[in-house]
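Read the structure below first, then the notes.
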Number of protein chains: 2
Amino acid sequence: MDLTGSLDLLWGDRPGPRRGPKPALTHDLIARTGIAIADAEGLAAVSMQRVAADLGFTKMSLYRYVPGKSELVALMADLAMGTPPADPGGDDRCARLRAWALALLPGFVRHPWVLEATTGPRVVGPNELAWMEAALAVLDGTGLGGAARMDVLAVLAGHVRNIAQQAATTPGGDTGTQFGAILAEVVRERGDRFPAVKAALAEAAEGGEDEALGFGLDLILDGLRARIGDPGRADPA
Amino acid sequence: MDLTGSLDLLWGDRPGPRRGPKPALTHDLIARTGIAIADAEGLAAVSMQRVAADLGFTKMSLYRYVPGKSELVALMADLAMGTPPADPGGDDRCARLRAWALALLPGFVRHPWVLEATTGPRVVGPNELAWMEAALAVLDGTGLGGAARMDVLAVLAGHVRNIAQQAATTPGGDTGTQFGAILAEVVRERGDRFPAVKAALAEAAEGGEDEALGFGLDLILDGLRARIGDPGRADPA
DNA sequence: CCAAACTGTGTCCATCGGAAGCAATTCTAT
DNA sequence: ATAGAATTGCTTCCGATGGACACAGTTTGG
């Protein structure tokens, strides 16, 4: 796996050549075209051919800008996540982390393919690193060690990813094939062998509102609050 | 997206035909062959051609057993995760959930491609459902609602997935390209723009042992302990 | 002014997932 | 026992994909 290609591309460490025809495309334009395709039809619909066609160019011209498809997808993913919002500040670090996590969700919901594109070891891009920086900055000055701070970040981001994954629909537009719906379908006729799952599903369907994201964040942040001296409710009601 | 194919295959609802030549292969054998390839060379190396070749058959013969590649991958993933261990029991539900989460990790570490294979909406297989059942059974009888019980499960499993993802190495055997190593490489020359990340990484590298999994679990389970009346240490010390 | 450098394109290739049809094999019904 | 039906594994074929390579046209520096 060659990571220098992704690294140079994502971080834009390219000396600008001066001779020859002026480039008609930019990394940004190419990536945005790919994002549009992935948003509408899923990551599988993103091919070099397709991206080039949507831009009005031939497939091979893209290779003048991007070393390969995986690097293009990495570029798309980093661009799609955008930059983190400004830290609201304040004394309650947990509240700030909560805001950070809540801000992370829309990107995953609007671009569900980013979940696919960012599984496994990869080169971290500028935007992803900026998100990490924002969360770690909040954790600066707590008694937590470096590894622990990274862990808090991983747990929070992981939870947001999970929620986004459950909410993700099939790109084709099959709104009925959400993860929960599929699960319910599977359990319907086999519930006897999985009574706890059956009960939880039935109760959840009856209960109404889905507060998965907030509930999980409260769970994690309550645990965190106990480890750092921070204002906020000590009694979780 | 046709889910009936995956559904029937994963759950083995196939009436056994009696006429014709006896099948030379089984779902189990095919899936295990695919797993061996994915373990050694990554999920990308798993093609119908390759699986068939390793079995000594032609590519198209596999389609007599499996409707398509995605269904094969789903079968591989469910088989690779195996069945959950027996619940140790006891009064401390959090300890039981901790054991459950710890038992979940080895499967992801041994088969990193399962993370890729199980992103996005999918048909849940028997083994995955058994893992869900095991965790939800522990949460039975707590005051938590159905949706909340599912959320606890999602948070725990999500954290384990995240840890496994960070520990995953490139399939090709590039042991140096773990996620943390790549991250460190990126930050090395750009640390000034990301001071919090730089500090956390430096401190983590110096600190030594990596307790990411346990730390995150403690975080989550402490938050959970506050919501269910359960024995266990109240002071996280 | 010319050679070097760069861009976009056309051609070519191996590989992939999968459809369709064919021959051989085995079971069921007579 | 035997004919027909069902099933298997194989061969052939197809469109699409990612990517290598060479080529012609364009721009710029010496």
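- L72(B) and A31(B) make their closest contact through CD1-CA, 4.3 Å (heavy atoms, listed as atom of the first residue, atom of the second, distance).
- For residues 24-37 of chain B, proximity to DNA chain C is found at no residue, defined as any non-hydrogen atom under 4.0 angstrom from a strand atom.
- Taking atom CD of E71(A) as the reference point, atom C1' of dG18(D) lies 12 Å away to the nearest angstrom.
- For the pair A80(B) and V114(B), the tightest heavy-atom approach, listed with the atom from each and the gap, is CB-CG2, 4.0 Å.
- Counting all heavy atoms, side chain and backbone alike, P126(A) lies closest to W11(A) at CA-CH2, 3.5 Å.
- Among the heavy atoms of the strands lying under 4.0 Å from S47(B) are primed sugar atoms or P, OP1, OP2 only; no base atom is included.
- Across the protein-nucleic acid pair, R50(B) atom CZ and dT15(C) atom P stand 13 Å apart, rounded to whole Å.
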TODO: Mark up nucleotides 20-30 of chain C, 5' to 3', with B wherever a protein heavy atom is under 4.0 angstrom from a base atom, S wherever such an atom reaches only the sugar-phosphate, and - elsewhere.
DONE: BB---BBBS--
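- Y65(B) places its OH atom 13 Å from the C1' atom of dC10(D), with the value rounded to the nearest Å.
- At whole-Å resolution of the value, CG in L62(A) and P in dG8(C) are 10 Å apart.
- Among residues two or more places apart in sequence or in another chain, the side chain to side chain donor-acceptor pair (under 3.5 Å) test is passed with R190(B) by D13(A).
- Following rounding to the nearest Å, Q49(A) (CD) and dC12(C) (C1') show an atom-to-atom distance of 14 Å.
- Under the salt bridge (Lys or Arg N to Asp or Glu O under 4.0 Å) criterion, the residue pairs touching residues 123-136 of chain A are R122(A)-E128(A), with sequence neighbours excluded.
- Within the structure, the side chain to side chain donor-acceptor pair (under 3.5 Å) test picks out the following pairs touching residues 106-115 of chain A (sequence neighbours left out): D39(A)-H111(A), D39(A)-W113(A).
- Of all the heavy atoms in F57(A) and A24(A), the pair that sits closest is CZ-CB, 3.8 Å.
- Side-chain to base pairing of K69(B) with dG18(C): no donor and acceptor N or O lie closer than 3.5 Å to each other.
- Distance CG (L43(A)) to C1' (dT17(D)): 14 Å, rounded to an integer number of Å.
- Residue Y63(A) places no side-chain N or O under 4.0 Å from the OP1 or OP2 atom of dG8(C).
- Going from atom CE of M48(A) over to atom P of dG15(D) covers 23 Å, rounded to whole Å.
- Taking CE of M60(A) as the reference point, atom CG of L62(A) lies at 9.0 Å (rounded to 0.5 Å).
- Note on residues 53-75 of chain A: pairs passing salt bridge (Lys or Arg N to Asp or Glu O under 4.0 Å), not counting sequence neighbours, are R50(A)-D54(A).
- Distances shorter than 4.0 Å separate none of the side-chain N or O atoms of T58(A) from OP1 or OP2 on dG8(C).
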